[in-house]
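Notes follow once the structure below has been shown.
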Amino acid sequence: MQTSIATVSLSGGLAEKLEAIAAAGFRGVEIFENDLLSFDGTPKDVGKRIAELGLRTVALQPFRDFEGMPEPQRGRAFDRAERKFDVMQELGTDMLLVCSNVSPVSLGGIDRAAADFHELGERAAKRGLRVGFEALAWGRHINDYRDAWEVVRRADHKAIGLVLDTFHTFARKTDLKPLRSIPPDKIFLVQVADAPWLDMDVLSWSRHFRCFPGQGDMPIVDFVEAVQATNYSGPLSLEIFNDQFRAGSTRNFAIDGLRSLVYLMDQLREKTGQAAPGLPAMPPRSRCLGMEFIEFAADEQSSAGLAHLFGALGFRNAGKHKSKQVTRWTQGGINLVINSEKEGFAHSHYITHGTSVCALGLKVDNAAATLDRARKLHDTPFRQPVGPGELEIPAVRGLGGSLIYFVDPTSELKAVWEVEFDAVAAQAKNADAGLTAIDHVSQSMRYEEMLSWLLFYTSLLDVTKTPQLDITDPGGIVVSQVIQNADYSLRIALNGSQSERTLSSRFLSDYFGSGVQHIAFATGDIFATAAKLKANGVEILPIPENYYDDLEARFGLPADLLKRLQAGNILYDKDETGEYLQVYTQSFENLFFFEIVERRGYKGFGAANAPIRLAAQSRQARHPAIPRL
Ligand code: MG
Ligand code: MG
């Protein structure tokens with residue numbers, strides 16, 4: 001696989017983009033003409049920089065409105081092409097990408113277009129150059145790769161070939177079968193972009209919603225499989241137009257791009273059972289068996305506050321680290337860790353974010369293999385010195401500089417609690433509140449980061465993503481999407497907000513970055529748990545009476561159930577999968593909070609209740625005098 005990316009895919013100036021593309025490890029680059037025009041230097045300077053960075057310029061693009069023009073536009077189109085050929089020679093690329101004509105004055109006819117391309121081929125060949133023809137989904141006469149291929153076939157010139165683009169193909173739901181029989185030497189370039197399925201005009205869809213393979217809904221693997229069937233061996237080039245990417249970090253998005261191509265080839269290998277050229281050997285997506293622990297970074301004072309809250313939530317102090325200021329809290333199958341060390345990773349996380357979740361510990365089938373796969377996917381491994389008697393737990397960087405640890409049941413890592421912790425004598429106070437497991441973890445992030453973390457999780461772990469939901473916050477819309485594994489032992493909700501005024505955004509500014517905003521624990525009996533929490537003095541988020549009137553109208557619940565829900569500030573939802581009952585604690589230091597859920601078969605996350613909860617929290621946030629735990 002030759003990896004390539006079009007400069008239009010990234011934010012920043014051309015020099016910055018090229019550096020990020022090279023640093024990520026791409027081999028090729030398509031130069032988008034606008035990037036060249038806004039560059040302070042000649043095309044020759046750009047070509048020199050590209051060569052210094054060890055990159056190859058795959059193509060100059062796009063050249064518009066060429067084929068099928070009547071005179072005098074036809075003559076002018078050829079003159080324009082000659083000038084582009086000059087630029088290409090300075091730049092040091094041999095290919096010009098021509099996209100199908102959208103001009104209202106252009107004329108149809110495959111033969112007319114083929115004749116134009118034959119002549120362009122003659123002119124290009126004289127200079128040792130080539131021209132690739134791409135069907136835009138909104139082209140005036142040519143909007144289907146099959147017609148573009150027919151033009152190229154009839155042009156019958158060695159300097160004229162076809163450019164395939166996944167987006168244009170899937171946007172029109174074009175059949176992939178004819179693609180398989182195109183001769184590989186006539187395919188000059190394959191461009192890949194994914195997108196969510198949206199019902200909107202194709203041009204806007206393409207300009208704003210393209211994303212890296214695996215981030216959208218299109219079956220890109222099927223496309224690449226059809227391309228592979230032709231024996232094409234040229235570049236796979238990412239060509240993404242996306243407002244989120246333009247707002248993001250150039251370097252990180254370049255790495256995301258490469259990760260998406262590695263993952264795409266990995267999926268292709270899995271699908272075909274054949275080696276994918278250029279792809280390193282890597283373990284399959286890791287099977288996640290659940291969340292082994294959640295680690296909080298704290299200082300001395302806030303660790304006492306957290307310990308108090310955990311106790312009130314029914315957790316038991318089950319261990320103290322042998323050499324560090326780290327304690328373990330357990331209930332049911334849940335492990336929480338409070339780390340108040342004065343140096344090391346957790347401490348720096350505390351300095352940056354305040355009291356916060358600094359690490360998630362995932363239970364996987366093979367921790368070493370998971371780390372190996374993470375490396376191949378260009379994720380960022382993390383190591384810090386381990387003290388005597390401590391285990392080295394494999395880890396990678398996660399959201400907002402946090403860590404994701406991998407532990408497994410087969411290696412020595414399974415004994416981490418026994419190896420690193422001393423047991424603490426049983427405590428009588430605050431008995432178990434019936435919490436059994438971590439139901440889900442909710443991470444808040446900038447909207448621009450959502451696609452990155454979606455790709456991070458789905459490429460590394462054997463998880464699927466749910467459709468995106470828009471949730472109404474009093475301050476704007478929050479977009480929410482969940483990644484989860486087959487048995488639901490891992491569910492992580494990713495929430496991104498574009499408005500500065502949503503609770504999710506305020507979390508980001510109060511917290512100085514992205515991170516875990518809430519953790520939901522499962523219970524088998526929410527009424528019993530709620531009663532226990534109340535007795536233990538846990539402050540619960542109050543839910544307005546109107547909500548319960550509406551519940552009655554929507555679901556026709558029995559009066560006594562309604563009364564119990566209202567008395568406990570418990571939210572309720574029901575769909576075809578079952579019932580969902582949820583209750584929220586008030587926030588800890590205005591940063592994060594806990595949720596208790598009882599699932600009666602229900603598979604969702606109570607999206608219908610989210611606006612109620614957000615409005616309630618927003619009211620609390622405006623009244624900071626309300627005592628906190
Ligand atoms: Mg394209
Ligand atoms: Mg939740």
Side-chain angles (χ1 to χ4, degrees), residues 4-9 30-33 58-64 95-100 102 132-139 142-143 145 148 162-172 187-195 202-203 205-207 210 218 220 223 235-242 438-444 466 469 471 478 480-482 484 488 491-495 503-504 507 516-523 526 541 570-571 573 580-585 587 592-599 602-614 616-617:
S4 169
I5 184 168
T7 54
V8 70
S9 311
E30 284 180 70
I31 298 294
F32 195 66
E33 196 175 21
V58 164
L60 175 68
Q61 66 127 317
F63 188 69
R64 298 184 195 279
M95 184 156 61
L96 180 66
L97 186 156
V98 177
C99 49
S100 58
V102 300
F133 183 41
E134 174 187 28
L136 298 179
W138 53 88
I142 307 283
N143 51 36
Y145 81 84
L162 183 67
V163 174
L164 294 167
D165 181 302
T166 56
F167 180 88
H168 295 301
T169 306
F170 287 124
R172 299 186 66 93
I187 304 174
F188 282 6
L189 183 62
V190 175
Q191 295 179 315
V192 286
D194 201 345
V202 182
L203 182 59
W205 184 19
S206 174
R207 290 271 160 89
R210 284 187 179 217
M218 292 176 165
I220 310 296
F223 188 98
L236 275 191
S237 192
L238 297 165
E239 190 199 37
I240 317 295
F241 312 96
N242 188 309
I438 294 164
D439 184 88
H440 64 273
V441 167
S442 168
Q443 298 187 316
S444 282
T466 62
L469 285 180
I471 289 170
V478 176
S480 185
Q481 193 158 21
V482 176
Q484 56 193 12
Y488 305 112
R491 306 188 230 222
I492 300 178
L494 313 182
N495 295 312
L503 198 74
S504 193
F507 167 80
V516 170
Q517 197 194 14
H518 80 258
I519 296 165
F521 300 121
T523 174
I526 200 163
L541 184 73
I570 297 167
L571 298 155
D573 193 29
Y580 192 54
L581 294 89
Q582 39 179 178
V583 68
Y584 291 94
T585 70
S587 72
F592 52 84
F593 53 93
F594 297 94
E595 177 185 4
I596 316 293
V597 305
E598 180 185 338
R599 289 181 185 272
Y602 183 93
K603 299 288 186 291
F605 295 84
N609 291 327
I612 310 297
R613 185 259 294 176
L614 287 162
Q617 289 175 320

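As the structure is a computational prediction, the values presented were derived from the model and not from experiment. Start at 1 and go down the list; that is how both ligands and their atoms are numbered. The figures that follow rest on heavy atoms only: side chains count, while hydrogens, waters and symmetry mates do not.
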### Query
Does Gln61 bring an N, O or S atom to under 2.8 Å of the Mg ion (ligand 1)?
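No - counting backbone and side chain alike, Gln61 has no N, O or S atom under 2.8 Å.
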
### Query
Are side-chain N/O atoms of Gln517 and Asn495 paired as donor and acceptor at under 3.5 Å?
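Short answer, no.
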
### Query
If you look at Glu134, which of its N/O/S atoms is nearest to the Mg ion (ligand 1)?
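Closest to the Mg ion (ligand 1) among those atoms: OE2.
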
### Query
What pair of heavy atoms forms the shortest contact from Thr169 to Phe223, and how long is it?
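Thr169 and Phe223 have their closest heavy atoms at OG1-CE1, 3.6 Å.
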
### Query
What's the spacing between Arg491 CZ and Thr466 OG1 if we round to 0.5 Å?
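Output value for this atom pair is 11.0 Å.
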
### Message
Can you tell me which N/O/S atom of Glu595 has the shortest distance to the Mg ion (ligand 2)?
### Response
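Of all N, O or S atoms in Glu595, the Mg ion (ligand 2) lies closest to OE1.
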
### Query
Taking the Mg ion (ligand 2) as the vertex, what is the angle from NE2 of His518 to NE2 of His440, given to 10 degrees?
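Result: 100°, to 10°.
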
### Task
Would you check, one step at a time, whether the test side-chain hydrogen bond (donor to acceptor under 3.5 Å, both in side chains) holds for Gln61 with Glu134?
CA-CA 11 Å; Gln61 66 127 317; Glu134 174 187 28; over 6 Å; no

### Task
Let me see the working for Glu595 and His440 under side-chain hydrogen bond (donor to acceptor under 3.5 Å, both in side chains), right down to the final yes or no.
CA-CA 9 Å; Glu595 177 185 4; His440 64 273; 3.1 Å; yes

### Message
Only to 10 degrees, please: what angle do the OE1 atom of Glu239 and the OD2 atom of Asp165 make about the Mg ion (ligand 1)?
### Response
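Rounded to 10°, it measures 80°.
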
